[in-house]
Amino acid sequence: MSSEQIPTPAETAEREHEEKERKAREAAEQAQLPYKWTQSIRDVDVTIPVAGTIKGRDLDVVLTKTKLKVAIKGQEAFIEGDLPHPIIVDESSWTLETTSHPPGKEVSVHLDKVNKMEWWPHVVTGAPKIDVTKITPENSSLSDLDGETRAMVEKMMYDQRQKETGGLSSEEQRKRDILKQFQAEHPEMDFSNAQIG
């Protein structure tokens, strides 16, 4: 590593300062919103505090594949706009829950992402964004993945282990197995110069 690539303590401190400022700016923008939101790689949850006197029938909630609106009928919406990515409507829901802290109730919205492999920069496109490149995902296990994704990840992990130990990748092993089977079926042929490629 050349000395040009190693950041000086001053450069490191400057980067850390810029990162702290970015985080503080992002936190301040998010704090101004009339709702709180969290996400996992699979879903997004939004909570909106409302007065304890509010009933479900007082709410105007719209939940479609690409849009979200939560408002008290006749009032300005707490949140309204286009979602950054589509959701699975049948798996998404909203509830009105009583809380132990003021103002007494909250609307809880659960959005199930269609694409379970991407982070959302915001809940609705008109809201301030967060920097999704800074998200550190929660640890997940292979059992959390659907069958096709799990098989792909397991194959990648196998190939990586084989590469590290100098072994054959699953594709190379498959080709070798096909050649062996062909050799067994055709003993009269000479395979001494056969190349697997």
Side-chain angles (χ1 to χ4, degrees), residues 15-153 156:
R15 277 194 204 135
E16 286 173 2
H17 178 70
E18 285 172 7
E19 182 62 14
K20 273 189 188 143
E21 280 188 346
R22 183 198 63 76
K23 277 185 178 167
R25 220 176 17 255
E26 200 174 86
E29 286 174 347
Q30 295 298 315
Q32 295 300 310
L33 298 171
Y35 56 87
K36 299 265 179 271
W37 69 287
T38 58
Q39 69 178 314
S40 73
I41 200 73
R42 293 177 292 283
D43 48 38
V44 174
D45 289 297
V46 183
T47 53
I48 305 161
V50 295
T53 56
I54 296 294
K55 305 250 187 295
R57 65 176 176 268
D58 301 326
L59 296 169
D60 179 10
V61 180
V62 177
L63 204 55
T64 71
K65 186 173 183 169
T66 58
K67 292 189 182 309
L68 172 65
K69 176 185 178 183
V70 178
I72 294 172
K73 288 178 183 166
Q75 296 183 24
E76 189 178 326
F78 295 106
I79 183 171
E80 181 175 17
D82 293 326
L83 300 171
H85 303 286
I87 61 166
I88 303 169
V89 178
D90 291 347
E91 299 295 323
S92 301
S93 61
W94 70 272
T95 55
L96 179 62
E97 299 168 4
T98 303
T99 62
S100 58
H101 49 81
K105 288 187 179 176
E106 68 183 18
V107 179
S108 183
V109 182
H110 175 80
L111 306 173
D112 200 59
K113 297 176 181 178
V114 168
N115 182 342
K116 311 245 182 264
M117 301 299 280
E118 67 190 343
W119 296 104
W120 287 16
H122 39 209
V123 182
V124 289
T125 56
K129 290 183 176 186
I130 60 167
D131 185 349
V132 295
T133 63
K134 305 296 184 196
I135 294 175
T136 44
E138 72 275 10
N139 287 335
S140 59
S141 65
L142 281 173
S143 60
D144 293 343
L145 302 173
D146 64 71
E148 193 176 315
T149 307
R150 180 177 178 169
M152 183 177 68
V153 171
M156 289 165 54

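We use all heavy atoms of the structure for the numbers below, so side chains are in, but hydrogens, waters and symmetry mates are not.
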Problem - Separation of Thr38 OG1 from Asp45 CG (nearest 0.5 Å) - result: 4.5 Å
Short question: side chain of [X], backbone of [Y] - any donor-acceptor pair under 3.5 Å?
{"X": "Ser92", "Y": "Asp112", "result": "yes"}
{"X": "Glu26", "Y": "Asp131", "result": "yes"}
{"X": "Glu106", "Y": "Tyr35", "result": "no"}
{"X": "Lys113", "Y": "Ser40", "result": "yes"}

Is any side-chain heavy atom of [X] closer than 4.5 Å to a side-chain heavy atom of [Y]?
{"X": "Leu111", "Y": "Leu63", "answer": "yes"}
{"X": "Val50", "Y": "Asp58", "answer": "no"}
{"X": "Leu59", "Y": "Ile72", "answer": "yes"}
{"X": "Trp37", "Y": "Ile130", "answer": "yes"}

Practice task
Classify the side-chain pair Thr95/Glu97 by whether it contains a donor and acceptor separated by less than 3.5 Å.
Solution key: yes
Exercise for the section: Can you tell me which residue pairs pass the side chain to side chain donor-acceptor pair (under 3.5 Å) test with a partner in residues 69-78, sequence neighbours excluded? Expected result: Asp60-Lys69
Exercise for the section: Could you list the residues that satisfy side chain to side chain donor-acceptor pair (under 3.5 Å) with Glu19, not counting sequence neighbours? Expected result: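 Side chain to side chain donor-acceptor pair (under 3.5 Å) check on Glu19 returns Arg22.
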Exercise for the section: Take Val44 and His85 through the test side-chain contact (heavy atoms from CB on, under 4.5 Å) and record every step on the way to the result. Expected result: CA-CA 11 Å; Val44 174; His85 303 286; over 6 Å; no
Exercise for the section: Using the side-chain contact (heavy atoms from CB on, under 4.5 Å) rule, take Trp119 and Ile41 through it: C-alpha gap first, then chi angles, then the decisive distance, then the call. Expected result: CA-CA 6 Å; Trp119 296 104; Ile41 200 73; 3.5 Å; yes
Exercise for the section: Using a strict 4.0 Å threshold on nitrogen-to-oxygen distance, state whether Asp82 and Lys67 make a salt bridge. Expected result: yes
